[in-house]
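Before any comments, here is the structure.
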Amino acid sequence: MEERFDKEGRLIFPKSVTFPAKAKVVVKEKKILITQVYCKNGHNLVRGEEIWNGNRAINLIAKRKKGKVMVSLSPYQGDNRKVMDESMKKGEIVTFLCPECGVELEVFSPCKCGADIVYMYLTEELDARDSICICSRYGCRYSCLTSGGKIVSEFAV
Ligand SMILES: [Zn+2]
Ligand SMILES: [Zn+2]
């Protein structure tokens, strides 16, 4: 088995990470930048102001038991920073929605933390085999990218 995580649980990705060209994923200096992701209705969620080193954030609505919060996720995989218009409690589980059509993100698999891991599509073709997956628990750092149905990079603590 190839060692995929260092001691801090940071992302270690295989040497040969390849994505379909249409995914427009930028792999540079051990960082993976997401420049587009889609809800299942084809809305690009990478939008708004260029607040992350000149890049746009992944924008989602987090539905809580009471109310909704606008969340802007860093477009760098494994970077847990986010901007929210309301504070949330660590450990809280939310339902992520497309900010344009309100559709719920679909479930990829259960996370080790017990919440659901949900996914977004990397290409306009909306092929679930090319996706970015994030945990729906606030404070859980799990995320992964799939290419051709295989997990090609993963971040877990
Ligand atoms: Zn949508
Ligand atoms: Zn989790």
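Along the sequence shown, residues carry numbers from 1. None of these values were measured; they are calculated from a predicted model. Atoms within a ligand are numbered from 1 in the order they appear, just like the ligands themselves.
Neighbours of the Zn ion (ligand 2) restricted to protein N, O or S atoms under 2.8 Å: the count is 4.
Residue N44 comes nearest to V37 through the heavy atom pair OD1-O, 3.0 Å, listed as atom of the first residue, atom of the second, then distance.
Atom ND1 is the N/O/S atom of H43 found closest to the Zn ion (ligand 1).
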Evaluate the salt bridge (charged side-chain N to carboxylate O under 4.0 Å, His left out) criterion for residues E124 and K22: first the C-alpha distance (whole Å), next the side-chain angles of each, then the deciding distance (0.1 Å), finally the verdict. CA-CA 8 Å; E124 279 176 324; K22 282 176 183 159; over 6 Å; no
Pair E86-R64, salt bridge (charged side-chain N to carboxylate O under 4.0 Å, His left out): steps then yes or no: CA-CA 11 Å; E86 207 176 293; R64 318 169 73 182; 3.0 Å; yes
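In the displayed structure, E49 atom CD is contacted under 6.0 Å by at most 12 heavy atoms of other residues, nucleotides or ligands.
Hydrophobic clustering places M84 together with M120 (ILVMFWY residues linked when any side-chain heavy atoms are closer than 4.5 Å, directly or through intermediates).
Angle subtended at the Zn ion (ligand 1) by C98 SG and C39 SG: 110°, rounded to 10 degrees.
Between K65 and E92, no side-chain nitrogen of the basic residue sits less than 4.0 Å from a carboxylate oxygen of the acidic one, so the salt-bridge criterion is not met.
Side-chain contact annotation: Q36 with Y121, donor-acceptor N/O pair under 3.5 Å absent.
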